[in-house]
Each structure stands twice: as C-alpha cells, then as structure tokens.
Asker: 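One structure follows; several queries about it will come next.
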Amino acid sequence: MTYEDDRRRVTIDGTLSCPRPAFELALDHGNPGINPDPKELVLMLVEHAPTGKVIQVVTETKVHGEFTIKPEVERVRIQNLDVTLPLDQNRPEPEAV
C-alpha cells in the first residue's frame, strides 16, 4: 500500500495458472452488492483468452492492478476467485503538512 497526496493506493500482484499460454489477466472493480462493506475493495479477475490455435499447456500468468482506495478500506476481495486479502496496515501514515 502506498500513499500519494494523502490518498491511499493499493497494488496487487499475483500469479495464476492458466490452461494455455498467451492468456492476459487483469483486475477490475467488481460489484460490491446491495449492502457494500466500506472496509472492503471488491475486484474481479478479468481473463482475456488467446485467439487462434495455441498449445494446451498450463502456464503461470501474472496479474497486476493498482487502485486508489478510501481511508476505511482494510481488505481486498477478488469476487470471482472467492479470495479476501488483508491490507498491510503497518505502513506509516503520510505526514500532515
């Protein structure tokens, strides 16, 4: 987690197994539902499958996302993976100017 101009940003990096090479993965905002939890940033993993003929080999594929978050956010939920990640709250708060 980083701070820019008193705004919090979270960076998420990961690796997932895809059924073949050339998959592209991204993170995007998900649907927080009818009663959203203000302490949770809801994301979705977006998959872009390769087109054409590609060898069928399980391949490790990287995913990266950066998001501006509100001060009350404590965790990130990747909705379609059913994964919840706590944020590292040990980072120092930005100094007041």
Side-chain angles (χ1 to χ4, degrees):
M1 187 167 38
T2 60
Y3 297 92
E4 295 176 8
D5 301 326
D6 294 333
R7 294 181 302 159
R8 292 172 66 201
R9 289 188 58 82
V10 63
T11 301
I12 301 165
D13 289 301
T15 305
L16 291 104
S17 296
C18 291
R20 54 190 185 263
F23 258 83
E24 292 180 14
L25 302 177
L27 292 167
D28 200 358
H29 289 279
N31 182 351
I34 296 171
N35 240 348
D37 184 345
K39 294 182 178 185
E40 192 169 73
L41 171 65
V42 179
L43 302 175
M44 295 286 290
L45 177 69
V46 180
E47 300 176 344
H48 300 282
T51 57
K53 293 185 178 184
V54 180
I55 190 168
Q56 299 290 316
V57 176
V58 175
T59 305
E60 298 296 304
T61 305
K62 294 185 183 291
V63 64
H64 172 83
E66 294 183 20
F67 302 90
T68 301
I69 57 175
K70 295 180 180 177
E72 60 270 15
V73 174
E74 297 177 356
R75 61 189 172 273
V76 174
R77 181 165 55 101
I78 304 175
Q79 206 167 33
N80 53 338
L81 294 180
D82 197 26
V83 171
T84 301
L85 307 166
L87 296 183
D88 180 4
Q89 298 296 333
N90 296 324
R91 304 261 324 187
E93 293 291 327
E95 293 183 21
V97 178

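In this text, all values refer to a predicted model and were calculated from it rather than measured experimentally. This chain uses plain numbering: 1 for the first residue, then up along the sequence. In what follows, every heavy atom counts, from backbone to side chain, and hydrogens, waters and symmetry copies are set aside.
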Asker: Can you check whether H64 reaches T11 side chain to side chain, under 4.5 Å on heavy atoms?
Answerer: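 Yes, their side chains come closer than 4.5 Å.
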Asker: Find out whether I69 and V76 are in side-chain contact, i.e. whether some heavy atom of one side chain is under 4.5 Å from a heavy atom of the other.
Answerer: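 In short, these two side chains do not touch, never coming nearer than 4.5 Å.
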Asker: Can you find a pair of side-chain heavy atoms, one from E47 and one from L25, that are under 4.5 Å apart?
Answerer: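 A side-chain contact under 4.5 Å exists here.
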Asker: For the backbone of M44 and the side chain of N80, can you confirm whether one donor and one acceptor N or O come within less than 3.5 Å of each other?
Answerer: no
Asker: Give the cluster check for L45 versus F23: same hydrophobic cluster or not, with ILVMFWY residues linked at side-chain heavy-atom distances below 4.5 Å.
Answerer: no
Asker: Report whether V10 and L81 are members of the same hydrophobic cluster (ILVMFWY, side-chain heavy atoms less than 4.5 Å apart, transitive linking).
Answerer: yes
Asker: So if you build clusters from Ile, Leu, Val, Met, Phe, Trp, Tyr with side-chain heavy-atom gaps below 4.5 Å, do V46 and L16 land together?
Answerer: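 No, separate clusters.
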Asker: Just how far is it from atom SG of C18 to atom NE2 of H48, taken to the nearest 0.5 Å?
Answerer: 11.5 Å
Asker: From the options L41, D37, V42, select the one residue that forms a side-chain contact (heavy atoms from CB on, under 4.5 Å) with P32.
Answerer: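 By the side-chain contact (heavy atoms from CB on, under 4.5 Å) criterion, P32 pairs with just one of L41, D37, V42: V42.
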Asker: Would you please name every residue forming a ring pair (Phe, Tyr, Trp, His ring centres under 6.0 Å) with H29, sequence neighbours left out?
Answerer: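 So H29 forms a ring pair (Phe, Tyr, Trp, His ring centres under 6.0 Å) with F67.
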Asker: Starting at CG of L87, measure out to CD of E74 and round the result to the nearest 0.5 Å.
Answerer: 8.0 Å
Asker: With the threshold set at 4.0 Å, does a side-chain nitrogen-carboxylate oxygen contact exist between R75 and E40?
Answerer: yes
Asker: Backbone N or O of N31 within a donor-acceptor pair of the Q79 side chain at under 3.5 Å?
Answerer: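 Present.
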Asker: I need the minimum non-hydrogen distance between P21 and P50, along with the two atoms involved.
Answerer: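 In terms of heavy atoms, the two residues are closest at O-CG, 3.4 Å.
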Asker: Just checking D82: does its CG atom have more than 12 heavy atoms from other residues, nucleotides or ligands closer to it than 6.0 angstrom?
Answerer: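 No, because the 6.0 Å sphere around CG of D82 holds 12 heavy atoms or fewer from other groups.
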Asker: Between S17 and V58, which heavy-atom pair has the shortest distance, and what is it?
Answerer: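 Shortest heavy-atom separation between S17 and V58 comes out as CB-CG1, 3.9 Å.
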Asker: Any donor-acceptor pair under 3.5 Å linking the side chain of R8 with the backbone of P71?
Answerer: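 Between the backbone of P71 and the side chain of R8 there is a qualifying donor-acceptor contact (under 3.5 Å).
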Asker: For a quick test of reading the model, state the closest non-hydrogen atom pair linking V54 to T51 and the distance between them.
Answerer: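 Reported closest heavy-atom pair: CG2-O, 4.1 Å.
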Asker: Give, for atom CZ of R20 and atom CD1 of I55, the distance between the pair rounded to the nearest 0.5 Å.
Answerer: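 Taking CZ in R20 and CD1 in I55, the distance rounds to 12.0 Å.
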